[in-house]
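As a basis for the values below, the full set of heavy atoms in this structure was taken, side chains included, without hydrogen atoms, waters or symmetry mates.
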Amino acid sequence: MGGGPLLDQDDERLRGISVMSCDPATARELSNADPAVRAGRLAVQVMTWMVPAGNIRFENVPAPRSMAEVDD
C-alpha cells in the first residue's frame, strides 16, 4: 500500500489518496474501518486503477508523520 495527502481540495473529506494492492471490496472494507471515516470526517471513494502488471512496486520505506518531517 502507498499513499499520501492531497492539497487544495474542494471537499475537505477527501484529504489523501491510497493505492492498495487488493480487490475493491477489500479496499472499501479497510478504508471504512478508519476511525475518521466512521466518524464522518473523511469520505471514501474506491476506484480501480488500471496499470500494466509490474509497473508499480511497493517498498517498505519510512513515511513522514507530518509536514515538519518533510525536507523541501
Side-chain angles (χ1 to χ4, degrees):
M1 182 167 124
L6 299 170
L7 301 176
D8 303 322
Q9 288 299 99
D10 291 334
D11 186 342
E12 286 293 317
R13 298 173 307 144
L14 302 175
R15 299 203 28 207
I17 186 169
S18 298
V19 178
M20 301 178 181
S21 182
C22 62
D23 61 273
T26 301
R28 190 172 286 106
E29 180 181 333
L30 291 169
S31 299
N32 285 334
D34 184 296
V37 172
R38 291 176 34 199
R41 289 184 39 225
L42 299 178
V44 174
Q45 293 182 359
V46 176
M47 300 168 214
T48 300
W49 183 30
M50 295 178 58
V51 63
N55 276 13
I56 302 297
R57 194 171 48 180
F58 294 94
E59 297 187 24
N60 190 15
V61 296
R65 293 172 292 182
S66 72
M67 291 302 292
E69 294 181 5
V70 176
D71 292 333
D72 289 1

> As an exercise, state the distance from OG of S18 to CG of L30, rounded to the nearest 0.5 Å.
9.5 Å
> Show me, pair by pair, the donor-acceptor contacts under 3.5 angstrom made by side chains of residues 4-11, not counting sequence neighbours?
residue: D11; atom: OD1; partner: R13; partner atom: N; Å: 3.0
residue: D11; atom: OD1; partner: R13; partner atom: NE; Å: 3.2
residue: D11; atom: OD2; partner: R13; partner atom: NH2; Å: 3.0

> Which hydrophobic side chains are connected to L42, either touching it within the sub-4.5 Å cutoff or through other members that do?
V37, V44, V46
> Between A27 and C22, what is the shortest heavy-atom contact and its length?
N-SG, 3.6 Å
> Examine M47 and V19 and state if one hydrophobic cluster contains both, with Ile, Leu, Val, Met, Phe, Trp and Tyr joined whenever side-chain heavy atoms are less than 4.5 Å apart.
no
> Tell me, which pairs form a side-chain hydrogen bond (donor to acceptor under 3.5 Å, both in side chains) where one or both residues lie in residues 24-48, sequence neighbours left out?
D23-T26
> What's in the same ILVMFWY side-chain cluster as M50, cut-off under 4.5 Å, chained through other members?
none
